[in-house]
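Presented below is the structure to which this report refers.
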Amino acid sequence: MTTNDSNGRDSKLNAAMRALAEDDAKLRSSPDVEKRLLSELRGISRGRRRRTWLEVSLVAAALLLGIALYAWQMGNRQLSDIVQSPSAPEAAITEIATEFLPLPYYHVPMNTGSTVRIKVPAQALVSFGLAPSEFGQDDMVLADVLVGEDGLARAVRFVRRLSN
Amino acid sequence: MKGIDDAALLERARRGDEDAFSELFSRHQRAVFRYAVYMCGADAADDVVQDTFMNVLLKSGRYDASKGAVISYILGTARHLMLRRLSRSSSIPVGEFTEDLNLEGSIERETPLDDFARQETIEVVRAAVQSLPPAHREVIVLCELEEMDYAEAANVMQCPVGTVRSRLNRARALLSKKLGGVTQNAKRKRDSAQP
């Protein structure tokens, strides 16, 4: 920069500026300033972590509440009600289902439970030791998920509809 | 941390990375400190540095890389804080930071002739710089001492590049007069001291 606009600038001034800049190189803020700033930064980080935890907790609570409400709306229907009996005379379509297979929270005690019917990729059967040989790569299968009153999924069973 | 650019350091520091902050601080605290020493005085410089970096940390999302380097952003923040500080203390009218002044008057008021005759030291040059009106002192600090180019200085000073250029020319002319005058004065004194 000092040589950019050399017209009208004498070399003495440039030399003086260089000397001053070099002398100023020893200027620096007190070490306490950095310590104070680092301390502030830690405080800010702690505050942010607390806020993040609070936000995550609120979202999780909202999700659980939603699931619980859904489960409550489904009522206390018996699990067997979900699967129509093949012998029911009015049934135009019947279903067969596997046993309930345990999920990671199956051991958590529950008083009441409801099932939620969902569709999952047929390949999910493989993870339960079932071989979906007759299903294609993209086929979906029905599954009933058993959800406790606390919103935790305890078990799942796979369902197949049978046309009469 | 050494190989990481300033923008990435700033981003990390804002997320709470202490190492990133320390690196960013060590890279730029001298520039902020020097800027503050010249514009507000040594007593206030530490506070300006602290407030500046605190402000930079807290103002997430305010740095726009397309508008200039991180150092310009940091010095711009420092400038804003110093203007506020000066307007509160009223020791220097804020207008002097941004407006051109009667140059001749300020030369007459601050020329350190006697000092220079006694000791041609760096302190005299520094005093000459510090005796400049704030707007001219600022452009000397940024362009001459920090060696920023016109665009970077304009970014810090929030003014057109042409203003930086003209202000720098005036500031240099002022300094030349101050230092040239004292040189002549010193020479006269030396001449008169000879038998």
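Throughout, a chain's letter reflects where its sequence line sits, starting with A, and its residues are numbered from 1. Worth knowing before you read on, the calculation uses all heavy atoms, side chains too, and leaves out hydrogens, waters and symmetry mates.
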Item to check | Contact origin within Q29(B) toward chain A - heavy atom pairs under 4.5 Å | outcome: side chain
Checklist entry - Between R30(B) (side chain) and A25(A) (backbone), is there a donor-acceptor pair under 3.5 Å? => result yes
Item to check | Heavy-atom pairs under 4.5 Å with chain B, option from D24(A), D23(A), L41(A) with the top count | outcome: D24(A)
Checklist outcome for this item: Honestly, the part of R28(A) sitting under 4.5 Å from a heavy atom of chain B is both
Next on the checklist: Any non-hydrogen side-chain atom of L9(B) less than 4.5 Å from a side-chain atom of R27(B)?
Outcome noted: yes
Next on the checklist: As an exercise: rank R42(A), E22(A), K26(A) by heavy-atom pairs under 4.5 Å with chain B and give me the winner.
Outcome noted: R42(A)
Checklist entry - Does any heavy atom of chain A fall under 4.5 Å from the side chain of F53(B), the backbone, both, or neither of them? => result both
Item to check | Minimal non-hydrogen separation, A7(B) against V70(B), with atom names | outcome: N-CG2, 3.6 Å
Checklist entry - With only heavy atoms counted, which part of A42(B) is less than 4.5 Å from chain A, the side chain, the backbone, both or neither? => result neither
Checklist entry - Is it the side chain or the backbone of I44(A) that comes within 4.5 Å of chain B heavy atoms, both, or neither? => result side chain
Item to check | side chain to side chain contact (heavy atoms under 4.5 Å, CB included) between F100(A) and Y106(A), worked out | outcome: CA-CA 10 Å; F100(A) 270 103; Y106(A) 80 98; over 6 Å; no
Checklist entry - Do C159(B) and V164(B) come within less than 4.5 Å of each other through their side chains, counting heavy atoms only? => result yes
Next on the checklist: Looking at R154(A) and L152(A), would you say the former's side chain and the latter's main chain have a donor-acceptor pair under 3.5 Å?
Outcome noted: yes
Next on the checklist: Between V32(B) and chain A, with a heavy-atom cut-off of 4.5 Å, which part of the residue counts as in contact: side chain, backbone, both or neither?
Outcome noted: neither
Checklist entry - Any idea which of V49(B), L175(B), L145(B) has the most non-hydrogen atom pairs under 4.5 angstrom with chain A? => result L145(B)
Next on the checklist: Less than 4.5 Å to any heavy atom of chain A: does that hold for the side chain of S22(B), its backbone, both, or neither?
Outcome noted: both
Checklist entry - Is any side-chain N of the basic residue among R172(B) and E144(B) closer than 4.0 Å to the acidic one's carboxylate O? => result yes
